[in-house]
Amino acid sequence: MDELIEQVDEQDRVLGVVRRSEAVRRRWLHRVAVTLCHDRDGRLLVHQRSPRASRFPGCYEVAVGGAVAVGESYEEAARRELAEEMGLDVPVRFVLAFLSQQGLSPHWLAVHEASVLGTVTPDPDCVARHDWLAVSELSEFMQLQPFTPDSGPLLDRYLLATRRCASASGPGPVEWTLPRTADDQEGAMQSPVTW
């Protein structure tokens with residue numbers, strides 16, 4: 001499916017409506033909205049893309065999302081993608097946006113978060129498998145498995161932004177820590193990650 005999207009500039013202002021395939025082929029900036037989902041224990045939802053996916057088949061992702069449709073807000077796109085890919089109808093909260101150079105073409109990437117207390121029902125055409133991982137488990141898992149190009153940078157920025165918010169307003173509902181060195185990772189895995 002070749003959806004219509006909005007081509008944007010470096011300030012995220014709309015320049016026109018184009019086909020997504022053309023934006024990717026010509027490396028035109030466009031908009032993408034994603035959501036990192038966490039459960040009541042602070043674990044993140046990680047999923048493997050279907051082997052039939054048109055982009056990055058079989059790769060893992062730390063966020064659920066996709067291109068923002070014409071006239072759609074980042075938040076609307078984030079909620080739509082959660083419903084389509086994971087069967088979730090939950091509120092999302094905007095965390096940050098940045099100009100991403102990873103992936104098939106440059107794009108504005110709006111990162112949201114959502115608290116998921118119910119059951120995840122993924123669309124098998126989009127998602128091959130999913131699980132909840134603690135950040136310490138995810139750090140190790142990302143070194144062992146192929147992830148989409150945006151996954152690492154968006155996770156790093158998300159963790160930094162949510163740590164800053166928690167520091168500014170006192171303790172938040174979830175405290176994130178991402179091991180950075182071998183010393184930090186020693187003992188971080190409670191159990192091996194298996195899929």
Side-chain angles (χ1 to χ4, degrees), residues 32-66 78 81-82 85-88 90 92-104 107 109-124 126-167 171-195:
V32 173
V34 299
T35 305
L36 283 98
C37 299
H38 57 82
D39 67 6
R40 70 180 83 239
D41 297 322
R43 297 175 302 170
L44 292 174
L45 179 64
V46 177
H47 68 278
Q48 183 182 31
R49 295 172 63 86
S50 164
R52 297 177 302 281
S54 62
R55 294 171 185 87
F56 308 110
C59 286
Y60 290 87
E61 291 188 288
V62 297
V64 178
E81 291 286 345
L82 275 176
E85 295 182 16
M86 295 294 180
L88 295 170
V90 295
V92 300
R93 185 182 75 82
F94 175 81
V95 177
L96 69 113
F98 66 96
L99 185 57
S100 174
Q101 299 294 334
Q102 280 77 33
L104 299 174
H107 52 277
L109 184 60
V111 181
H112 301 77
E113 69 177 353
S115 181
V116 177
L117 305 178
T119 303
V120 178
T121 312
D123 177 345
C126 299
V127 178
R129 58 178 54 171
H130 71 284
D131 204 353
W132 297 96
L133 296 178
V135 173
S136 58
E137 294 172 317
L138 181 55
S139 178
E140 183 173 318
F141 191 69
M142 289 179 83
Q143 295 173 23
L144 301 174
Q145 298 297 330
F147 274 75
T148 58
D150 275 345
S151 288
L154 82 84
L155 179 62
D156 286 345
R157 287 175 187 248
Y158 170 77
L159 294 173
L160 183 61
T162 54
R163 270 194 232 127
R164 267 199 215 123
C165 290
S167 298
V174 178
E175 183 177 323
W176 302 103
T177 56
L178 183 61
R180 288 289 175 211
T181 67
D183 291 339
D184 291 336
Q185 289 182 12
E186 199 170 325
M189 285 290 286
Q190 301 297 319
S191 60
V193 178
T194 55
W195 288 78

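Excluded from the calculations below are hydrogen atoms, water molecules and symmetry mates; all remaining heavy atoms, backbone and side chain alike, are included.
Residues D150 and S100 share a closest heavy-atom pair of OD1-OG, 2.7 Å. Nearest heavy-atom pair, E85 versus V127, reported as atom, atom and distance to 0.1 Å: O-CG2, 3.8 Å. When all heavy atoms of H112 and A78 are compared, the pair lying nearest together is ND1-CB, 3.7 Å. Here the shortest heavy-atom pairing between R157 and L96 reads O-CD2, 3.5 Å. Considering all non-hydrogen atoms of both residues, R43 and W132 come closest at O-CE3, 3.4 Å. Minimum interatomic distance between P149 and G103 (heavy atoms only, all atoms of both residues): CB-N, 3.4 Å.
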| said: As a quick check of understanding, evaluate side-chain contact (heavy atoms from CB on, under 4.5 Å) for V46 and D131, giving each step before the final call. | reply: CA-CA 6 Å; V46 177; D131 204 353; 5.8 Å; no
| request: Go through L155 and L138 one step at a time and tell me if the side-chain contact (heavy atoms from CB on, under 4.5 Å) criterion holds. | output: CA-CA 10 Å; L155 179 62; L138 181 55; 3.7 Å; yes
| task | Mind running side-chain contact (heavy atoms from CB on, under 4.5 Å) on R129 and Y60 for me, showing each step along the way? | result | CA-CA 9 Å; R129 58 178 54 171; Y60 290 87; 4.0 Å; yes
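Remark: L45 CG to M86 CE distance equals 4.5 Å, nearest 0.5 Å. Note: T148 OG1 to Q48 CD = 12.0 Å, rounded to the nearest 0.5 Å. Going from atom CZ of F56 over to atom CG of L104 covers 4.0 Å, rounded to the nearest 0.5 Å.
Between the side chain of D39 and the main chain of D41, a donor-acceptor pair closer than 3.5 Å is present. Side chain of T35 to backbone of C37: no donor-acceptor contact under 3.5 angstrom is found. Here the side chain of E113 pairs no donor or acceptor atom with the backbone of L36 at under 3.5 angstrom.
Looking at L44 and V62, their side chains never come closer than 4.5 Å, going by heavy atoms from C-beta outward. Here the side chains of H130 and V120 are in contact, with some heavy-atom distance below 4.5 Å.
E61 pairs by the side-chain hydrogen bond (donor to acceptor under 3.5 Å, both in side chains) definition with H47, R49, not counting sequence neighbours.
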